[in-house]
Amino acid sequence: MRAGARVRGWAGRGAAALAAALLCGGAAAQDRPNVVFLLADDHAAHALSAYRGRLEYGARLPDTPNLDRLAASGMLFTHAFVTNSICGPARATLLTGQYGHLTGVMTNADTLHPTRTTFPRLLRRAGYETAVFGKWHLHDPPDPEAYDRYELLAGQGPYYNPTLRSATDTVRYTGYTNDVVTDRALRWLSERRDPRRPFLLMLHFNAPHRYWDPGPEQLALFRDTLFAEPATFWDDGAGRAFPARDAEMTVALDLFDRDLKLAPPEGLTPEQRAAWDAAYGPENAAFRAAGLTGDAATRWKYQRFIGDYMRSVLALDAAVGRVLAELDRRGLARSTVVVYTSDQGFFLGDHGWFDKRWMYEESLRTPLLVRWPGVVAPGSVNRDLVMTLDLAQTVLDVAGVGAPASMQGSSLAPLLRGETPPGWRDAIYYQYFAYPDWHMVQRQHGVRTDRFKLVHFYELGRWELFDLARDTEEMRSVYDDPAYAPVAAELRAELERLRREYAVPEEDPVPHRPFDAPPELRRRPPG
């Protein structure tokens, strides 16, 4: 099996191509496309209606019209996967094109060193004007060599009335965070110092991450909607290894009052609080009066959770629509590549869960849409195995900038042109390090091919194997089935080969750190 041939495309011409582009001055700059990179937070692919009918799991959810418009004008990747399904490590990989054991960001406690090579830094050196707005979640401020402008949330940031920090000031804004960061990004777009230079604009939303707070325009949505439960909603985990039964991320037991909007957000203005109470007050009073228990209470919690998640997704979709409209209004759409993705997927009641972290499909897979006018055929669908690991090299390739050999992915530019290069990867590698930590998901690594998935809970010596052609929702591991013994052996060998290829240390580089979650977030002590 081949995991990742280094497909360079245009960028493979390296320094000579870059020098030629820079020496040609303004004309060459105009020939290099702008890039708008839109990054959501915990947006499950099955919560984007362009993926409807293209995935093997998930209940039907409301339409996302602006994201559908983006998909219809570009390419939708059905098999886009992450290297580690947790926020900080995923974001470091997006920027660097490296796995977490190389970036040093393997858990949310880790910091991306400001001087590490990232694709925005390389674009800026190549003459691009660069900016990032919204969620950062990598602790230290960004590399000053990477961005002409940044305005970032501290940590996750609230859904309302955010504080944004830049290199020169810290400002608190009033409004819904999605709207605020979009306003700031579009203002930068209109006030850039040199409109003759190509630009990279990165807009990082904090939606639809927990707590899934809707925007003021979305508070009234879906109040009379009964959402279908996923087919696996009542899964008891009996068909998988025991770590899946120990996680603290169930809709039934692990959502607390703030998640369920039985407690309001802090820091709302009087006007915002009045609108919030009008939306949630009557429903909350009815729930408390009903005294629901058992399965009835679980079903109510699911409806509240998925309704709020989709309200926040619709707020995100509206922000994406604003960005696309602004590109149209300014005459920039034809000269701008637009990328939309998420730092990882998310469980939407699938297997009875919320959150992410696992190597199971709902968490491992992420949405990926790319519009490249004049290159990507509108409405294209790609089914190759691709990764967020590839996006740094892809953006560099699109911009005509050589990628350093330290990047571990492959440019998607050939795929965007409709050509799958010989030797394209037929397996991906995944590793999750953060245990003990939130939700108590055990450390794991594994390999996924087009048909099979092998998962190893390496601290426990437990294995899972799924035949995705026959068990699309990963309900029953066949690791111990003698009929699959040859497959298991082949995938164990492939796992070791990929670990060598990606220079994964033999010893787990993340120590067991003390973990002390608030009591309401943990049903049992870590162990």
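Numbers here are sequence positions counted from 1.
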**Prompt:** Are the side chains of Leu369 and Leu48 in touch, meaning some heavy atoms are under 4.5 Å apart?
**Reply:** yes
**Message:** Has Asn84 got a side-chain atom pairing as donor or acceptor with Ala90's backbone, closer than 3.5 angstrom?
**Reply:** no
**Prompt:** Are the charged groups of Asp143 and Arg124 less than 4.0 angstrom apart, N to O?
**Reply:** no
**Message:** Rounded at 0.5 Å granularity, tell me how far CG in Leu348 sits from CZ in Phe305.
**Reply:** 5.0 Å
**Message:** Going by the rule ring-ring contact (aromatic ring centres under 6.0 Å, His included), which residues pair with Tyr159 if we only count those two or more places apart in sequence or in a different chain?
**Reply:** none
**Item:** Pairing of Arg149 and Glu129 as salt bridge, 4.0 angstrom limit
**Value:** no
**Asked** Taking C-beta and beyond as the side chain, do Met407 and Leu122 meet within less than 4.5 Å on heavy atoms?
**Response** yes
**Message:** Has Gln408 got a side-chain atom pairing as donor or acceptor with Leu389's backbone, closer than 3.5 angstrom?
**Reply:** no
**Arg365 and Glu56 ion-paired at < 4.0 Å** = yes
**Prompt:** Relative to the ring of Tyr502, is the ring of Tyr99 parallel (under 30°), tilted (30 to 60°) or perpendicular (over 60°)?
**Reply:** tilted
**Asked** Between Arg448 and His79, is any pair of side-chain heavy atoms under 4.5 Å apart?
**Response** yes
**Prompt:** Is atom CZ of Arg223 surrounded by more than 12 heavy atoms (other residues, nucleotides or ligands) closer than 6.0 Å?
**Reply:** yes
**Prompt:** Looking at Asp42 and Lys135, does any basic side-chain N land under 4.0 Å from a carboxylate oxygen?
**Reply:** no
**Prompt:** Do NZ/NE/NH1/NH2 and the carboxylate oxygens of Lys261 and Glu283 come within less than 4.0 Å?
**Reply:** no
**Asked** Which atoms form the tightest heavy-atom contact between Val105 and Leu138, and what is the distance?
**Response** CG1-CD2, 4.2 Å
**Carboxylate-amine/guanidinium proximity below 4.0 Å for Asp355 and Arg210** = no
**Request:** Answer yes if the side chains of Ser85 and Ser363 hold a donor-acceptor pair under 3.5 Å, and no otherwise.
**Result:** yes
**Prompt:** Between Thr341 and Pro367, is there a donor-acceptor pair closer than 3.5 Å when you use the side chain of the first and the backbone of the second?
**Reply:** yes
**Message:** Are Phe81 and Tyr430 an aromatic pair, judged by ring center distance below 6.0 Å?
**Reply:** no
**Request:** Under the side chain to side chain donor-acceptor pair (under 3.5 Å) rule, what do Asp110 and Thr107 come out as? Steps first, then yes or no, please.
**Result:** CA-CA 6 Å; Asp110 301 320; Thr107 74; 3.2 Å; yes
**Non-hydrogen side-chain atoms of His209 and Lys356 separated by less than 4.5 Å** = yes
**Asked** Is there side-chain contact between Val82 and Asp343, with at least one heavy-atom pair below 4.5 Å?
**Response** no
**Asked** Out of Arg197, Arg196, Arg192, which one pairs with Asp194 under the side chain to side chain donor-acceptor pair (under 3.5 Å) rule?
**Response** Arg196
**Message:** Please report the interatomic distance CG(Leu123) to OH(Tyr147), rounded to the nearest 0.5 Å.
**Reply:** 9.5 Å
**Request:** Supply the atom-to-atom distance Leu332 CG to Glu326 CD, rounded to the nearest 0.5 angstrom.
**Result:** 8.5 Å
**Item:** The single option from Trp353, Phe354, Tyr309 passing ring pair (Phe, Tyr, Trp, His ring centres under 6.0 Å) against Phe346
**Value:** Tyr309
**Exam field: side chain Ser312 to backbone Asp213, donor-acceptor pair closer than 3.5 Å** = no
**Fill in**
Correct closest heavy-atom pair for Val181 and Asn178 would be CG2-O, 3.5 Å
**Request:** Determine whether the aromatic ring centres of Phe227 and Tyr302 lie less than 6.0 Å apart.
**Result:** no
**Request:** Please determine if Arg357 forms a cation-pi arrangement with Tyr432, meaning its NZ or CZ atom is less than 6.0 Å from the six-membered ring centre and no more than 45° off the ring axis.
**Result:** no
**Asked** From Met310 CE over to Thr64 OG1, what is the distance, rounded to the nearest 0.5 angstrom?
**Response** 6.5 Å
**Request:** Look at Asp41 together with Arg91 and state whether they make a salt bridge at an N to O cut-off of under 4.0 Å.
**Result:** yes
**Asked** Would you call Arg273 and Asp277 a salt bridge, taking side-chain N to carboxylate O under 4.0 Å as the test?
**Response** yes
**Item:** Partners passing side chain to side chain donor-acceptor pair (under 3.5 Å) against Asn382 (at least two apart in sequence or in another chain)
**Value:** Asp384
**Item:** Arg304 and Asp259 ion-paired at < 4.0 Å
**Value:** no
**Prompt:** Ser49 and Asp68: side-chain donor and acceptor closer than 3.5 Å?
**Reply:** yes
**Complete:** Tightest non-hydrogen contact, residues Val376 and Gly74, listed as CG1-C, 3.5 Å
**Asked** What residues form a side chain to side chain donor-acceptor pair (under 3.5 Å) with Thr394, not counting sequence neighbours?
**Response** none
**Side-chain (Thr336) to main-chain (Asn34) donor-acceptor, under 3.5 angstrom** = no
